[in-house]
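Input: a single structure, listed below in structure tokens.
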Amino acid sequence: MRWIVTCAWPYINAVPHLGTLVQLVSADVYARCMRKLGEEVLFVSGSDEHGTPIEVEALKRGISPKDLTDRMHRYFCKLIDLFGISFDNYTRTESPVHIKFVQDFYLKVQKNGYIFVEESEQLFCPEDEMFLPDRFVEGTCPYCGYEKTTGDQCEKCGRLLTPTDLINPRCAICGSSPKLKKTKHWYFDLPRFEGHLRSYIEKHEALPQNAKSMSLSMIDEGLRSRAVTRDNRWGIPAPFPGSEGKTIYVWMEAVLGYVSAVKEYFERRGCPEKFDLFWKDPDTRSVYFIGKDNIPFHTIILPALLMASQEGYVLPYNVSSTEFLNYEGDKFSKRFRRGIWMDEALLLLEADYWRYYIISTRPENKDANFTWEDFEAKINNELNDVLGNFVHRVMSFLASRYNGIVPNADLDEESSDFLERCLEVAKRSISYIERFMLKEALKEAMSIAREGNRFFNEREPWRDVKVNRSRSDTTLIASTQAVKIISHVIEPFLPFTAEKLWRMLNLEGDPHSTTFDDMRIMLRSGHTIGYVKPLFEKVSAEELKTRLERIRREIKSEFLLEETS
RNA sequence: AGCGGGGUGGGGCAGCCUGGUCAGCCCGCCGGGCUCAUAACCCGGAGGUCGGUGGUUCAAAUCCACCCCCCGCUACCA
């Protein structure tokens with residue numbers, strides 16, 4: 001089986017916060033796990049850099065959109081690397097391969113008869129010389145009289161609006177009053193795929209229930225055609241004859257990045273023919289880690305586009321969507337500086353602390369809440385006390401009483417039962433990952449350390465080492481082996497910790513390229529371990545908050561890591 | 001407003017599809033044990049009748065109806 005693992009393309013109008021990290025880490029855990037199962041995996045994503053918000057942001061800064069996204073993309077690549085997200089290709093929507101792919105793709109869709117043209121009237125700002133998306137028109141709500149509502153939905157009374165409903169409409173960018181102007185757009189004939197989409201979704205067992213029911217109810221309500229083009233300047237030029245000056249709507253091109261990123265990967269490696277093997281072979285499964293807000297783009301728009309191309313692309317195998325991560329009971333907010341941003345996080349603690357927290361609070365069924373108190377508790381009482389301490393008590397015992405050398409003894413029944421249990425738990429953890437239940441999988445992985453602590457306690461090797469040496473030999477062999485098992489099982493979640501364990505155990509190779517099967521291989525007696533050092537340290541929420549405030553005060557650059565590195 | 005998801009001991013969650021053997025897990029709390037280990041580890045205990053109301057059933061957290069609260073989407077924000 002081949003796998004294409006992806007997550008939603010981060011929109012890079014600003015440095016992303018921990019919410020974005022949920023999708024990145026989730027996808028990474030899955031990709032790493034699949035690799036260690038010996039599967040063929042391609043893990044891709046990229047920066048989503050077109051669209052109005054970026055155009056506006058660039059306008060505000062007085063630079064070109066390309067300059068803005070060049071810089072953001074570079075910075076983002078750095079963050080991804082520091083968080084240990086193991087992309088095979090992290091690209092961007094400005095990639096020439098992507099641009100050409102999207103243009104060719106839509107010409108093909110048009111040739112297949114799924115594109116039509118229609119004229120409509122839209123608000124246009126003469127000052128900025130651009131058509132305004134609904135969100136970028138402000139005005140007074142005709143229902144409740146709220147004066148600062150936007151053109152899609154009233155922020156006060158919640159009623160749905162169209163921008164032309166607004167009293168005194170204003171351009172949200174410059175404040176001048178927009179005029180109605182005629183414009184022509186190219187539409188994707190989505191309703192024609194209702195039947196195919198319905199049967200795809202109904203028959204597709206792997207799709208989770210939430211994605212299914214939401215998508216089916218949308219189809220039941222009736223799908224509408226969607227405009228493919230926009231009047232934006234910043235974006236991929238629309239390829240249709242007569243569409244000069246228009247660009248492709250960001251969402252209608254960003255979802256195709258999942259395909260183009262694979263194409264780019266193989267072209268770069270000089271084997272473009274492998275692209276078909278990944279995207280057109282029924283033995284390939286594609287999985288998407290996304291937030292709940294964009295399920296329909298992955299269960300409806302993307303499959304419909306793939307169908308419309310008639311290229312035989314494989315349809316999404318699973319769309320694993322999470323709810324939202326909030327911050328201390330509120331939404332993350334850049335404006336109010338509420339939340340934690342990815343670069344700030346790295347200045348406070350190493351990536352694995354965050355990876356652990358992110359997965360253990362992964363909002364799989366309902367919104368989750370980051371609180372400093374919870375963060376401190378999880379890091380200290382679980383990561384530190386359960387995992388860190390188990391590893392450390394075993395390794396330091398081996399170092400101080402055995403000179404760091406794995407002793408020679410046979411396993412007794414109790415200790416081989418223990419190792420059998422560890423392997424079973426490991427297997428369960430892996431199977432939870434395969435079923436996209438990452439939170440549960442991490443819990444299982446941690447419970448190996450829990451088993452280990454119990455085993456070590458019951459066997460009391462500190463007593464045996466004086467009076468019954470051969471029994472404590474056995475205890476240590478089994479316990480050290482459990483540490484080795486942990487180094488495998490934890491790798492998808494905590495890759496940096498897995499590396500540390502690897503070096504501490506003085507194993508050959510690295511924990512990333514060996515398969516899970518290797519965890520069964522016993523450490524040889526006489527093997528010398530590398531070094532012993534606590535894996536983690538405890539954190540103090542108060543201290544972290546103070547440090548964060550200082551960082552925000554002292555580092556003026558928007559790119560924190562560039563100034564400090 | 002419509003649609004989708006959620007509401008389970010002090011906190012965080014699982015169970016619900018396929019009704020009984022489910023009230024389970026982690027943290028915290030209380031008591032005990034141990035001393036190899038980062039005052040870490042192990043064992044035991046207290047604490048919930050599963051948002052509300054009504055219904056189906058021999059039996060409901062689990063199915064049905066209505067209601068309340070939170071989140072998201074509703075197609076030109078991404």
Side-chain angles (χ1 to χ4, degrees), chain A residues 8-11 13 48 50-54 56 120 122-123 131-137 150-153 158-160 162-163 183 185 190 209-218 220-221 223-227 229-232 249-251 254 291-297 300-301 321 323-324 326 331 360-369 371 373-374 377-378 380-382 384-386 388-398 400-401 437 439-440 443 446-447 449-450 452-465 472 475-476 479 532-538:
Chain A
W9 288 40
Y11 196 68
N13 59 340
D48 181 3
H50 295 135
T52 311
I54 282 175
V56 171
S120 63
Q122 266 174 46
L123 288 171
F131 282 93
L132 299 170
D134 293 359
R135 270 286 160 85
F136 286 83
V137 182
T150 55
D152 49 356
Q153 182 164 20
R159 250 179 274 235
L160 292 177
T162 48
T183 182
H185 280 299
L190 191 55
Q209 200 48 50
N210 65 346
K212 264 190 178 174
S213 44
M214 182 177 222
S215 311
L216 286 174
S217 85
M218 282 180 76
D220 288 341
E221 285 169 32
L223 299 174
R224 278 177 264 164
S225 297
R226 293 194 69 134
T229 52
R230 289 288 183 278
D231 285 304
N232 293 17
Y249 172 42
V250 259
W251 258 112
K292 63 174 160 184
D293 51 338
N294 60 48
I295 291 172
F297 282 97
I300 293 187
I301 306 276
S321 84
E323 307 284 309
F324 286 165
N326 292 323
K331 288 183 201 323
S360 66
T361 51
R362 186 171 186 251
E364 294 184 351
N365 283 320
K366 55 185 165 203
D367 289 358
N369 201 11
T371 66
E373 193 190 357
D374 187 43
K378 284 212 159 74
N380 291 352
N381 308 335
E382 297 176 21
N384 247 287
D385 293 351
V386 176
N389 183 54
F390 171 65
V391 169
H392 194 246
R393 71 196 295 208
V394 171
M395 298 301 276
S396 60
F397 197 96
L398 196 66
S400 64
R401 311 297 166 99
M437 297 159 75
K439 193 157 61 167
E440 202 60 28
K443 215 187 223 176
M446 290 296 288
S447 75
R450 289 181 206 279
N453 273 321
R454 195 172 306 135
F455 176 74
F456 210 78
N457 257 55
E458 282 166 5
R459 300 276 294 196
E460 302 185 308
W462 53 90
R463 198 165 290 187
D464 284 341
V465 80
S472 87
T475 305
L476 264 293
S479 301
V532 179
K533 203 185 151 200
L535 282 173
F536 311 104
E537 49 190 44
K538 296 213 178 198

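As the structure is a prediction and not an experimental result, all values here were calculated from the model. Convention: sequence-line order gives letters A, B, ...; per-chain numbering from 1.
Rounding to whole angstrom units, CH2 of residue Trp9(A) and C1' of A78(B) are separated by 15 Å. As rounded to whole Å, 13 Å separates atom P of C77(B) from atom CD1 of Ile301(A). Between Asp374(A) atom CG and C27(B) atom C1' there is a gap of 9 Å when expressed in whole angstrom units. We find that CG of Asp385(A) is positioned 13 Å from C1' of C26(B), with the value rounded to whole Å. One can place CE of Met218(A) at 7 Å from C1' of A75(B), the figure rounded to the nearest angstrom. Rounded to an integer number of Å, the gap from Asn384(A) CG to C27(B) C1' is 15 Å.
The side chain of Arg224(A) lies closest to A75(B) when the candidates are A75(B), A40(B), U38(B). Checking U38(B), A78(B), G5(B) against every side-chain atom of Phe536(A), the shortest atom distance belongs to U38(B). Set against C77(B), C26(B), G4(B), the side chain of Ser217(A) has G4(B) as its closest nucleotide. Each of C13(B), A75(B), C42(B) was ranked by its minimum atom distance to the side chain of Ala368(A); first place goes to C13(B). Picking from A37(B), C36(B), C25(B) the nucleotide with the shortest atom distance to the side chain of Lys443(A) gives C25(B). Between A14(B), C41(B), G72(B), one nucleotide has an atom nearer to the side chain of Asp293(A) than all others, and that is G72(B). Comparing C27(B), C77(B), A75(B) against the side chain of Ala377(A) picks out C27(B) as the nearest. Across C41(B), C77(B), C73(B), the shortest atom-to-atom separation from the side chain of Arg135(A) is found for C77(B). The side chain of Lys538(A) approaches U38(B) more closely than any other nucleotide in the set G4(B), C42(B), U38(B).
Among the heavy atoms of the strands lying under 4.0 Å from Glu221(A) are primed sugar atoms or P, OP1, OP2 only; no base atom is included. Residue contacts for Ser215(A): at a heavy-atom cut-off of 4.0 Å it reaches no nucleic acid atom on any strand shown. Within 4.0 Å of Asn369(A), counting heavy atoms only, lies no atom of the nucleic acid at all. Contacts of Arg450(A) with the nucleic acid, taken as non-hydrogen atoms under 4.0 Å apart, involve only primed sugar atoms and P, OP1 or OP2. Across all strands shown, Asn453(A) has heavy atoms under 4.0 Å from sugar-phosphate atoms exclusively, and none from any base. Across all strands, Glu382(A) comes closer than 4.0 Å only to sugar-phosphate atoms, never to a base (heavy-atom distances). Ile295(A) comes within contact range of no nucleotide atom at all, as no heavy-atom separation falls under 4.0 Å. Note on Asn381(A): only backbone sugar-phosphate atoms sit closer than 4.0 angstrom, heavy atoms only; bases stay farther off.
Rounded to a whole angstrom, the distance from the P atom of U8(B) to that of C13(B) is 9 Å. Comparing A65(B) with G11(B), their C1' atoms are spaced 33 Å from each other, to the whole Å. Between C41(B) and G47(B), the two P atoms lie 25 Å apart (nearest whole Å). Across the P atoms, U18(B) and A75(B) are found 34 Å apart, a figure rounded to whole Å. Using atom C1' as the reference point in both C16(B) and G10(B), the two lie 25 Å apart (nearest Å). Only the C1' atoms considered, G44(B) is 31 Å distant from U62(B), to the nearest whole Å. Comparing the same atom, C1', in G15(B) and in G54(B) gives a spacing of 25 Å after rounding to whole Å. C25(B) and C66(B) have their C1' atoms separated by 33 Å, given to the nearest Å.
A donor-acceptor pair is defined here as one N or O able to donate and one able to accept, closer than 3.5 Å; no such pair exists between the side chain of Tyr249(A) and the backbone of Gly51(A). Of the possible donor and acceptor atoms, none in the side chain of Asn326(A) sits under 3.5 Å from a partner among the backbone N and O of Asn369(A).
Applying the salt bridge (Lys or Arg N to Asp or Glu O under 4.0 Å) rule to Arg362(A) yields the partners Glu364(A); only residues at least two apart in sequence or on another chain are considered. Listed by chain and number, the residues in a side-chain hydrogen bond (donor to acceptor under 3.5 Å, both in side chains) with Asp134(A) amount to none (sequence neighbours excluded). Under the rule for a salt bridge (Lys or Arg N to Asp or Glu O under 4.0 Å), the partners of Lys538(A) that lie at least two apart in sequence or sit in another chain are Asp385(A). Remark: Lys443(A) pairs with no residue by the salt bridge (Lys or Arg N to Asp or Glu O under 4.0 Å) rule, at least two apart or across chains. Scanning for side chain to side chain contact (heavy atoms under 4.5 Å, CB included) contacts around Glu458(A) gives Glu414(A), Arg454(A), with sequence neighbours left out. Partners of His185(A) according to the side-chain hydrogen bond (donor to acceptor under 3.5 Å, both in side chains) rule, which considers only residues two or more places apart in sequence or in another chain, are Thr229(A), Asp231(A). A search for salt bridge (Lys or Arg N to Asp or Glu O under 4.0 Å) contacts involving Arg463(A) returns Glu460(A), not counting sequence neighbours. With sequence neighbours excluded, the residues forming a side-chain hydrogen bond (donor to acceptor under 3.5 Å, both in side chains) with Thr52(A) are Asn232(A), listed by chain and number. Every residue was checked against the side-chain hydrogen bond (donor to acceptor under 3.5 Å, both in side chains) condition with Asn389(A), not counting sequence neighbours, and none meets it.
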Strictly under 3.5 Å: I want the nitrogen or oxygen pairs between protein and nucleotides 67-71 of chain B, one per line.
from, atom 1, to, atom 2, distance (Å)
C71(B), O3', Lys331(A), NZ, 2.9
C71(B), O2', Lys292(A), NZ, 2.5
C71(B), O2', Asp367(A), OD2, 2.6

Report all interatomic pairs (protein N or O, nucleotide N or O of nucleotides 30-34 of chain B) with separations under 3.5 Å.
from, atom 1, to, atom 2, distance (Å)
G33(B), N2, Asn457(A), ND2, 3.4

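The residue among Phe390(A) and Pro461(A) whose nearest nucleotide of RNA chain B lies closer to the 5′ end is Pro461(A). In this structure, Arg454(A) and Lys378(A) both approach RNA chain B, and ranking their closest nucleotides by distance from the 5' end singles out Lys378(A).
Between Ser360(A) and C26(B) there is no side-chain N or O to OP1 or OP2 distance below 4.0 Å. Taking side-chain N and O atoms only, Tyr249(A) has no distance below 4.0 Å to OP1 or OP2 of A75(B).
Taking the six-membered ring for Trp and thresholds of 30 and 60 degrees, Phe456(A) and Phe390(A) have ring planes more than 60 degrees apart, a perpendicular arrangement.
One finds the CG atom of Asp293(A) at 3.5 Å from the CZ atom of Phe324(A) (value rounded to the nearest 0.5 Å).
Side-chain contact between Asp367(A) and Lys292(A): present, with at least one pair of heavy atoms (C-beta onward) separated by less than 4.5 Å. The shortest distance between side-chain heavy atoms of Phe131(A) and Phe136(A) does not fall below 4.5 Å.
With hydrogens and angles ignored, a donor-acceptor pair under 3.5 angstrom links the side chain of Asn389(A) to the base of A37(B).
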Exercise. Taking only Watson-Crick and G-U wobble pairs with both distances under 3.5 Å, what dot-bracket line describes RNA chain B, where [ ] shows pairs that cross earlier ones and | shows pairs with another strand?
Worked result: ((((((((.[[[[.)....(...]]]].(((((.......))))).....[[[[[..)....]]]]])))))))....
